[in-house]
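Structure record follows, encoded as structure tokens.
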Amino acid sequence: MTACNFQRLAAFIYDHLFAHQADNQTDNQADNQADNQADNQADNQADNQYAISYPNHSESKPNMSRSITTGTLLLATFALLISGCKNELGESQTDTEIQKSTAKKVLFVVTSHDEKGDTGEKTGYYLGEVTHPWEVLHSAGYEIDFVSPKGGKAPVDAFDMSDPTNKKFWDDDVYRNKVENTKTPSEVNPDDYVAIHYAGGHGAMWDFAGNNAIAEIAAKIYENNGVVSAVCHGPAGLVNIKLSVGTYLVDGKKVNAFTNEEEVKVELDEVVPFLLEDKLIERGAQFEKSEPFQEHVAVDQRLVTGQNPQSATGVGMATLKELQKLNEATQ
């Protein structure tokens with residue numbers, strides 16, 4: 001019972017029980033004096049009639065109706081009191097507890113690498129490949145956390161504030177602070193997350209594939225019946241994820257990513273440490289692709305992958321759909 005219940009109940013009991021007892025005593029004394037002095041005959045007639053009907057309770061007659069009324073009021077108001085306080089405090093507290101217990105979190109992985117090989121060109125995570133999936137999942141009620149190989153502030157690429165989704169994300173103080181203060185892998189508990197999303201950007205080609213700590217986090221989330229998603233160069237984080245049975249996560253699954261043709265078109269095919277399409281095929285993936293820079297999303301067994309920045313929203317929507325299917329299956 002809440003403090004509201006106790007306070008109201010105490011006040012009610014005092015007002016309607018103890019106070020009435022005092023009133024009863026005063027009223028009884030006054031009634032007895034008046035009866036004795038002014039109307040003994042009428043009172044005796046009433047007593048005799050009451051004694052005939054209730055021979056064992058004649059002494060209780062003056063207080064019985066008031067006691068019954070007070071008791072009834074006490075019980076009725078006590079029930080209303082609990083109901084009222086529950087409506088004022090209990091339901092809102094219960095709603096809060098339910099929200100906390102059903103709150104779902106998704107972990108976004110962003111690169112810590114900020115240079116394209118030895119070209120002197122800067123890179124980082126591709127902003128739209130964070131913001132567009134974020135918009136889809138955040139709008140659906142999911143909380144997003146960020147992790148990077150080194151932790152701390154992640155370098156950003158394709159910083160385009162003409163994109164309203166980018167601007168919405170960047171103007172959100174909470175999430176801008178999160179992406180500028182990313183977690184280190186050691187600070188992440190995989191059990192806290194229902195999905196993990198690898199954002200792209202060329203920097204991912206240098207520090208995703210070799211990061212065993214994040215690969216282990218992703219494997220644990222997946223084997224906890226979670227979803228793994230990645231877009232553009234983000235699938236570089238998938239190439240070395242192994243499941244507990246010893247097979248690669250992508251083995252035998254439909255997958256896509258930034259293609260060899262796209263890498264050639266941006267003239268970085270000889271700069272990146274490996275070609276992502278080739279490496280995923282080497283790991284056993286059934287690689288799918290569309291024409292360069294066309295949207296393409298592949299979904300297979302809770303693994304969601306997108307080909308390029310144009311696929312970022314689609315990856316977010318496909319990830320949400322997979323999560324909704326899992327939620328429905330557990331209900």
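Throughout, numbering of the chain's residues begins at 1 and tracks the sequence. Reckoned from all heavy atoms, side chains included, excluding hydrogens, waters and symmetry mates. For clarity, every value in this text was computed on a predicted model and none was experimentally measured.
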Between Pro185 and Ser148, the two heavy atoms sitting closest are CD-O, 3.4 Å
Please step through side-chain contact (heavy atoms from CB on, under 4.5 Å) for the pair Asn225 and Arg302, ending with a clear verdict. CA-CA 8 Å; Asn225 206 34; Arg302 294 180 286 110; 3.4 Å; yes
Suppose we call two aromatic rings close when their centres sit under 6.0 Å apart. Are Phe108 and Trp134 close by that rule? no
Examine the side chains of Thr123 and His202 and answer whether a donor and an acceptor come within less than 3.5 Å of each other. no
Sub-4.5 Å side-chain heavy-atom contact between Leu326 and Val194: no
Between the side chain of Tyr175 and the main-chain N/O of Ile144, is any donor-acceptor distance below 3.5 Å? yes
Neighbour count >12 (heavy atoms, 6.0 Å) for atom NZ, Lys178: yes
Given Thr111, which of Asn211, Asp207, Thr182, Asp157 fulfils the side chain to side chain donor-acceptor pair (under 3.5 Å) condition? Asp207
Check whether any side-chain heavy atom of Lys321 sits under 4.5 Å from a side-chain heavy atom of Val227, and report yes or no. no
Are any side-chain N or O atoms of Asp114 and backbone N or O atoms of Gly203, one a donor and one an acceptor, separated by less than 3.5 Å? no
Salt bridge Lys325-Glu322, side-chain N to carboxylate O under 4.0 Å: yes
Are Lys168 and Pro164 close enough that some pair of their side-chain heavy atoms sits under 4.5 Å apart? no
Say whether Val110 and Ile196 are linked into one hydrophobic cluster, either directly or through other cluster members, by side-chain heavy-atom distances under 4.5 angstrom. no
Check: Glu277 side chain, Asn260 main-chain N or O, donor-acceptor pair, under 3.5 Å: yes
Do the side chains of Glu115 and Glu121 get nearer than 4.5 Å, heavy atoms only? no
Angle between ring planes, His113 versus Trp206, binned at 30° and 60°: parallel, tilted or perpendicular? parallel
Test side-chain contact (heavy atoms from CB on, under 4.5 Å) on Phe169 and His138 and set out the steps. CA-CA 10 Å; Phe169 175 86; His138 179 60; over 6 Å; no
Looking only at atom types and distance, does a side-chain atom of Asp300 sit under 3.5 Å from a main-chain N or O of Lys253, one as donor and one as acceptor? no
Does Ser290 use its side chain to pair, donor to acceptor, with the backbone of His296 at less than 3.5 Å? no
Among His132, His197, Gln307, Gln310, which residue meets the side chain to side chain contact (heavy atoms under 4.5 Å, CB included) test with Val231? His197
With heavy-atom distances below 4.5 Å as the criterion, would you say the side chains of Val156 and Tyr125 are in contact? yes
If hydrophobic clusters are built from ILVMFWY residues whose side chains come within less than 4.5 Å, do Val188 and Ile221 share one? yes
Kindly indicate whether the side chain of Asn308, heavy atoms from C-beta on, has any atom under 4.5 Å from the side chain of Tyr126. no
Are Leu280 and Leu268 co-members of a hydrophobic cluster defined by side-chain heavy atoms under 4.5 Å apart? yes
If you draw a 6.0 Å radius around CG in Asp191, do more than 12 non-hydrogen atoms from other residues or ligands fall strictly inside? yes
More than 12 non-hydrogen atoms from neighbouring residues, nucleotides or ligands closer than 6.0 Å to CG on Asp171, yes or no? yes
Say you draw a straight line from CG of Leu276 to CD1 of Ile281; how long is it, rounded to the nearest 0.5 Å? 10.0 Å
Looking at Gly234 and Phe208, what are the two nearest heavy atoms and their distance? O-CD2, 3.7 Å
Tell me whether the count of non-hydrogen atoms from other residues, nucleotides or ligands lying under 6.0 Å of CD in Glu267 goes above 12. no
With no hydrogens and no angle check, is any side-chain donor or acceptor of Ser311 less than 3.5 Å from a backbone partner on Gly306? no
Can you see which heavy atom on Gly314 is nearest to which on Val297, and at what distance? C-CG2, 3.8 Å
Any salt bridge between Glu143 and Lys104, counting N to O under 4.0 Å? no
Are Lys289 and Glu262 close enough, and set up right, to give a salt bridge (Lys or Arg N to Asp or Glu O under 4.0 Å), and what steps lead you there? CA-CA 11 Å; Lys289 58 183 174 180; Glu262 288 170 322; over 6 Å; no
Do Glu288 side-chain atoms and Ala298 backbone N/O form a donor-acceptor pair below 3.5 Å? no
Nearest heavy-atom pair of Ala195 and Leu323: which atoms, and what distance? CB-CD2, 4.2 Å
Candidate pair Glu263 and Phe258, rule side-chain contact (heavy atoms from CB on, under 4.5 Å), full reasoning: CA-CA 7 Å; Glu263 207 69 82; Phe258 205 67; 3.4 Å; yes
Any Asp192 side-chain heavy atom under 4.5 Å of Asp145 side chain: no
Working note: Leu320 + Tyr142, criterion side-chain contact (heavy atoms from CB on, under 4.5 Å); need CA distance, chi angles, decisive distance, verdict. CA-CA 9 Å; Leu320 177 61; Tyr142 289 85; 3.8 Å; yes
Treat each ILVMFWY residue as a node, draw an edge where side-chain heavy atoms are under 4.5 Å apart, and state whether Val136 and Val179 are in one component. yes
Donor-acceptor pair, Thr330 side chain versus Asn327 backbone, under 3.5 Å? yes
Does any non-hydrogen side-chain atom of Tyr222 lie less than 4.5 Å from one of Ile241? no
